[in-house]
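Here the structure comes first, spelled out in structure tokens, and everything after it is commentary.
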Number of protein chains: 2
Amino acid sequence: MTTDLTRLVETTRPRFRTATEFVEATLRAAILDGVLAAGAPLRQEELAAAFGVSRMPVREALRQLEATALVEFHPHRGAVVAEISAEDAADISAIRAAIEPQALRLSLPHLEKADFDRAAELIAEMDAEKDFGRMGELNRRLHMTLYARAGRPRLLTLVEQHLAAADRYLRFQFTALGYHPQSQDEHYALLGACRAGELEQACQLLTEHVLYAETRLTAFLRERETTAQD
Amino acid sequence: MTTDLTRLVETTRPRFRTATEFVEATLRAAILDGVLAAGAPLRQEELAAAFGVSRMPVREALRQLEATALVEFHPHRGAVVAEISAEDAADISAIRAAIEPQALRLSLPHLEKADFDRAAELIAEMDAEKDFGRMGELNRRLHMTLYARAGRPRLLTLVEQHLAAADRYLRFQFTALGYHPQSQDEHYALLGACRAGELEQACQLLTEHVLYAETRLTAFLRERETTAQD
DNA sequence: CCTTGTTAGATTGGATCCAATATCCGCGCA
DNA sequence: TGCGCGGATATTGGATCCAATCTAACAAGG
């Protein structure tokens with residue numbers, strides 16, 4: 001683990017103004033990308049060494065990640081990467097199903113042709129992409145492109161966080177089952193409705209898109225959880 | 001400010017296992033209750049003295065509050081209590097309007113008579129309550145009572161956070177204009193629909209309830225912002 | 001008189017050090 | 001042989017100390 005992190009460290013370090021910012025962003029990416037597995041203990045000393053800083057920025061970063069449920073603190077026992085479960089996946093999906101249509105509703109009236117074209121590009125890129133990590137990134141950017149003009153920073157931050165959280169789960173599913181192609185059909189349909197300015201239909205499609213993803217994902221996770229008990 | 005905090009400190013200290021938890025919870029309450037005004041600088045040394053701890057638990061607490069947008073960090077310049085604005089109020093309302101109906105949708109089928117009775121009690125208490133601080137607390141508990149059986153911890157945490165954030169704004173409005181009685185009518189109607197098991201109607205009423213509150217609030221805030229420029 | 005450079009003070013960011021608590025292993029005893 | 005107790009060790013929580021940087025005041029020059 002240490003070496004995996006060290007590589008990221010040198011490349012991204014100079015972009016941040018404080019060590020805490022740097023550690024926080026890098027740790028978040030590492031957790032979301034699956035570099036740090038669920039349940040893995042996050043020893044402060046170890047991380048500090050990997051990042052080339054002292055324990056303090058690590059502690060502050062961990063605190064911030066705790067607030068977004070990416071790590072769990074156990075007093076005097078340290079922090080661990082948040083576990084994943086079918087229950088939690090359903091939880092995240094319920095949130096996405098609530099806030100993403102809201103974001104789209106507020107954004108769609110202000111979207112312009114350039115935005116739709118950008119979205120179409122991203123979908124096309126996803127068709128060609130093989131790497132699951134890049135795939136998740138593209139998926140997030142596609143969704144965020146459609147919501148970007150909502151003009152509601154808090155809402156968009158929430159959406160981004162939960163897209164990323166969902167992505168953490170999807171990576172799991174993809175590596176086991178491969179990418180689910182139906183999802184791309186849904187993207188095309190969604191973009192079509194958006195381009196046509198069909199607000200209600202677009203929201204409907206989006207809700208179903210999130211719901212389908214949840215159904216596929218939780219089915220996979222539940223099976224995985226039951227077979228794991230053998 | 002120091003003295004206001006000191007009073008809270010003694011009464012709540014023993015309930016927490018770590019100083020950071022204690023500082024975080026107390027600071028959050030102080031900000032939401034308006035004890036610490038919007039824009040107020042949060043000097044680490046000052047807070048540390050008020051809480052009777054060193055600067056470190058204060059720093060960790062501030063980091064956690066930053067992640068929930070209650071405080072803003074400016075590198076090397078310190079933290080301030082998040083500002084309030086009509087824009088931000090609308091942002092929070094948009095989030096509430098999205099997630100609260102979702103929570104109700106998931107919870108309502110599992111609510112029992114005892115839950116409805118508890119909610120009715122809370123509404124009645126609100127009719128009698130004069131203090132705006134207690135009023136907000138009761139309002140939050142009422143809403144959460146209706147959502148409690150959703151069985152989605154993340155979603156409920158989000159709802160609770162944004163109810164609290166909205167409450168911070170409502171306190172502003174109430175102290176200037178007094179409590180808006182229409183809100184209570186909406187509560188009674190909502191509870192009625194819930195009791196009758198009318199899921200769709202209840203969600204509709206709830207959405208409108210949040211929306212009305214937003215309309216009243218932003219109108220008040222916008223007026224306040226324009227008159228403040230004289 | 002206004003602008004700009006410089007410097008002193010205040011305040012945060014980060015590192016190190018000490019104390020408190022949990023875990024783990026071995027020993028004694030039933 | 002199994003269970004409980006106690007100390008050693010590792011790790012976190014908290015305090016203190018030092019360095020980096022921002023703010024503000026003041027002086028010099030245009």
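Letters A, B, ... mirror the listed sequences (proteins, then strands); counts begin at 1.
Applying a 4.0 Å cut-off to non-hydrogen atoms, none of the residues of residues 61-69 of chain A approaches DNA chain C.
Taking atom CD of Gln44(A) as the reference point, atom P of dA15(C) lies 14 Å away to the nearest angstrom. Residue Phe16(B) contributes atom CZ, which lies 13 Å from atom P of dG14(D) at whole-angstrom precision. Spacing between atom CZ of Arg17(A) and atom C1' of dT12(C) amounts to 14 Å, rounded to whole angstrom units. Going from atom CD of Glu60(B) over to atom C1' of dG13(C) covers 14 Å, rounded to whole Å. dA10(D) atom P lies 20 Å from atom CG of Leu42(A), rounded to whole Å.
For the residue pair Gln161(A)/Thr68(A), the side-chain donor-acceptor check at 3.5 Å is not satisfied.
Here the side chain of Glu45(A) is nearest to one of dA15(C), dA15(D), dT12(D), namely dT12(D). Proximity note for Met56(A) (side chain, C-beta onward) versus dT16(D), dA15(C), dT11(D): the nearest is dA15(C).
Salt bridge present: Glu66(A) and Arg63(A) bring a charged side-chain N and a carboxylate O closer than 4.0 Å.
By the side chain to side chain contact (heavy atoms under 4.5 Å, CB included) test, Thr215(B) is found to be paired with no residue, residues two or more places apart in sequence or in another chain being considered. With sequence neighbours excluded, the residues forming a salt bridge (charged side-chain N to carboxylate O under 4.0 Å, His left out) with Arg118(B) are Glu121(B), listed by chain and number. Checked against side chain to side chain contact (heavy atoms under 4.5 Å, CB included), Met56(A) has the following partners two or more places apart in sequence or in another chain: Ser54(A), Met56(B), Arg59(B). With sequence neighbours left out, the salt bridge (charged side-chain N to carboxylate O under 4.0 Å, His left out) criterion links Arg105(B) to Glu200(B). The side chain to side chain contact (heavy atoms under 4.5 Å, CB included) search around Asp91(A) returns Asp88(A), Ile95(A), Arg152(B), Pro153(B), Arg154(B), Leu155(B), not counting sequence neighbours. With sequence neighbours excluded, the residues that form a side chain to side chain contact (heavy atoms under 4.5 Å, CB included) with Arg134(A) are Glu125(A), Glu129(A), Asp131(A), Glu137(A), Leu138(A). For Arg216(A), the salt bridge (charged side-chain N to carboxylate O under 4.0 Å, His left out) partners are Glu186(A), not counting sequence neighbours.
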| query | What one-letter contact string describes nucleotides 17-23 of chain C from 5' to 3', where B marks a base within less than 4.0 Å of any protein heavy atom, S marks contact via sugar-phosphate atoms alone, and - marks no contact? | reply | ----SSS

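Between dG13(D) and Thr20(B), no contact under 4.0 Å exists linking OP1 or OP2 to a side-chain N or O.
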